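Down below is the structure, laid out as structure tokens.
Both backbone and side-chain heavy atoms feed into the values below; hydrogens, waters and symmetry mates do not. A quick note: this is a predicted structure, and the numbers were derived from the prediction, not measured.
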Amino acid sequence: MTEIIFILSLTVILSAVYTVSFRLLPDEKWQIFATIPLYKTGDNSWHGINITYYGLLTATGYTLAFTIFIIMMSAAGTDSLFLLVLLAAILLFFIPSAKIMAVLIEKKKHTLTVGGAVFVMFILAPWIISCLNRVSIITHDHQTADIVFFSSLITAYAFGEGFGRLACISFGCCYGKAVSELPVFFQKLFSYYNFVYTGKTKKISYHDNMDGVKTVPVQAITAVLYTASGLAGLYLFLDGKYLFSFFLSLTVTQVWRFISEFLRADFRGYGNISAYQVMSIMIVPYYIIYTFIFGMPDYLKPSISHGLSYVWSPGLIILLLIMWIGCVLYTGVSSVTASTISIYINEDKI
């Protein structure tokens, strides 16, 4: 019963957040969260640095993903020290690769690619868990089954990536094609369900001059589809069906990643098939081959109560908060926008 309440609670909360976000975030005022003055440029004027909603929402998506991951792994009985080392290893590869892959694929120094980072993470995941388990054998410490790790990782990713699409809506990136460019059937469909961005600092505006244009809400579709697959994967995981949980979320997210590229208008690399699409279609057969070679033995059914009690500890909450702040600073400090601030006295309130 606890499992159902937990999943239903997540469903209700995220549905409410998505409903409000899809309505508000395409608007101009939902791009910049705060501006910090750096140095004076005049009597009352300051040059400022912008903190974006993109950073806040991305950090929240990362934190949500890690929280779900911790709950699932601890519910399956993973030792706390093993789990912390595993989290550190994931962060060590995931965060830098978001920028490195953007430079390699898109030739851009001032952007990030979650898709590229996810590809690196999924390629390395089997070898990370294998190395840690081998070390645990030598030290006679706790080990974790591969399938528990894989299922937790892809489910957590589905939640994090789904929520993270809100950041893209706010910044105006990863945007869909103009509705007017689609076949008639899809024009009718997306004439009711679309995004219209406003603001010259949105990427869709300064990159493609598409502000004020009805576009395919590809980020919203991704958010809903990924989150739904995450919820389904979580339910299967908590029911002890690890393999089904893993391949359901993996297939949904990676197949949609491939399909969604055809609905997007932003630059994703050269050629009819982008590098991101190639990466997405490689992941599923990669894990099918891995499963065939190494197998995925059964494991004990998890306890959601144990997972929730573990994540509720003060130390872990502080750790997640520190991670959230670090992600905000890493992804939220804008290098592509700047601002001028005028600070003055309200004479009538002295």
Inset, instruction - Kindly determine whether S180 and Q187 satisfy side-chain hydrogen bond (donor to acceptor under 3.5 Å, both in side chains), including the steps that lead there. - result: CA-CA 6 Å; S180 59; Q187 284 189 34; over 6 Å; no

Inset, instruction - Evaluate whether atom OH of Y235 has more than 12 neighbouring non-hydrogen atoms of other residues, nucleotides or ligands under 6.0 angstrom away. - result: no

Inset, instruction - Indicate whether the side chain of T60 and that of W324 have a donor and an acceptor atom separated by less than 3.5 Å. - result: yes

Inset, instruction - Answer yes or no: is there a side-chain heavy-atom contact under 4.5 Å between F190 and K214? - result: no

Legend entry - Under-4.0 Å salt bridge between D211 and K202: no

Inset, instruction - Decide yes or no for Y175 and Q219: does some side-chain heavy atom of the first lie under 4.5 Å from some side-chain heavy atom of the second? - result: yes

Legend entry - Evaluation steps, ring pair (Phe, Tyr, Trp, His ring centres under 6.0 Å), between Y287 and F246: CA-CA 10 Å; Y287 275 95; F246 171 63; 5.1 Å; yes

Inset, instruction - Start with the C-alpha distance between D27 and K29, add both sets of side-chain angles, then the distance that settles salt bridge (Lys or Arg N to Asp or Glu O under 4.0 Å), and finish with yes or no. - result: CA-CA 6 Å; D27 191 71; K29 68 178 181 180; 5.3 Å; no

Inset, instruction - Check the side chains of N44 and S342 for a donor-acceptor pair under 3.5 angstrom, ignoring hydrogens and angles. - result: no

Inset, instruction - Could you tell me whether F186 atom CZ has more than 12 heavy atoms of other residues or ligands within 6.0 Å of it? - result: no

Inset, instruction - Would you mind reporting whether R257 and Y226 have side-chain heavy atoms less than 4.5 Å apart? - result: yes

Inset, instruction - Say whether W46 and T41, considering side chains only, have a donor N or O and an acceptor N or O under 3.5 Å apart. - result: no

Inset, instruction - Give a yes or no on whether I343 atom CD1 has more than 12 heavy-atom contacts from other residues, nucleotides or ligands under 6.0 Å away. - result: yes

Legend entry - Donor-acceptor side-chain pairing of S334 and Y54 below 3.5 angstrom: no

Inset, instruction - For this output row, return yes or no: ring centroids of F171 and Y53 closer than 6.0 angstrom. - result: no

Legend entry - Modelled atom types, side-chain donor and acceptor of T52 and Q31, under 3.5 Å: no

Inset, instruction - Using a cut-off of 6.0 Å, state whether more than 12 heavy atoms not belonging to I36 lie near its atom CD1. - result: no

